[in-house]
Amino acid sequence: MAAPTPSELPAGLAERRRHARSAAARRAVAGVGTSWYDDGCVALAVVGVAGPCQVRALRELRPQLAREAWAELVIDLSHLDGECGPALVRVLGQLRVQRLTAGARVEVHGAPAEAVAELGARRATTFTVRDEPARSR
């Protein structure tokens, strides 16, 4: 992932997310594209007809996303042609859980109906890890 220079990024965070989603879709290779938009923040776009190609590409990206999307991951599925398919939904769900359990914010855009149950109906979710368990009163 090539990091853009600060002058190439729009000023507001929401605008940077939108810009990164669009850039990730344009850069897609093998049906998957990524774009960095802030320190620890990555946009991921899945494009085209869902199939084994995207599933393989996403599995190969997991270690890189674990290193680079430590703060936030924005997943854009609005460029998919047709249905997601169970294998793609499964790998996206695993990726989402991996990032959430690491403490990152995860946002999903354009999820087809069959993916909403697996990926969550909310646009953005966060998961907080506490160092100590809460004390009972």
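All values derive from a computational prediction rather than experimental measurement. In what follows, every heavy atom counts, from backbone to side chain, and hydrogens, waters and symmetry copies are set aside.
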[atom1]/[X] to [atom2]/[Y] distance, rounded to the nearest 0.5 angstrom?
X   : Y    : atom1 : atom2 : result
D76 : L44  : CG    : CG    : 8.5 Å
R16 : W36  : CZ    : CH2   : 8.5 Å
R27 : S35  : CZ    : OG    : 4.0 Å
C84 : L92  : SG    : CG    : 6.0 Å
R96 : T101 : CZ    : OG1   : 10.5 Å
C41 : E68  : SG    : CD    : 11.5 Å

What one should report as the nearest heavy-atom pair of A24 and A43 is CB-O, 3.8 Å
On a heavy-atom basis, the closest approach of A104 and W70 is CB-O, 3.5 Å
query = Does a side chain donor of either R18 or S22 reach within less than 3.5 Å of an acceptor in the other side chain?
reply =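 R18 vs S22: no donor-acceptor pair found between side chains.
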Any carboxylate oxygen within less than 4.0 angstrom of a Lys/Arg side-chain nitrogen, looking at E72 and R17? yes
Of V42, V91, T34, the one forming a side-chain contact (heavy atoms from CB on, under 4.5 Å) with L61 is T34
With side chain to side chain contact (heavy atoms under 4.5 Å, CB included) as the criterion, how do V106 and V74 come out once you've worked through the C-alpha distance, each side chain's angles and the decisive distance to 0.1 Å? CA-CA 6 Å; V106 177; V74 175; over 6 Å; no
Note to self: Tell me whether R99 contacts the main-chain N or O of A69 through its side chain, where contact means a donor paired with an acceptor under 3.5 Å.
What the structure shows: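 Here the side-chain-to-backbone pair exists.
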Residues passing the side chain to side chain contact (heavy atoms under 4.5 Å, CB included) test with Q98, sequence neighbours excluded, are R62, A66, L95
Exercise answer: donor-acceptor pairs, residues 51-58 side-chain atoms, under 3.5 Å, sequence neighbours excluded:
unit_1	atom_1	unit_2	atom_2	d
Q54	OE1	G51	N	2.9
Q54	NE2	V47	O	2.7
Q54	NE2	V49	O	3.0

Can you find a heavy atom in the side chain of L88 that is under 4.5 Å from one in the side chain of L77? no
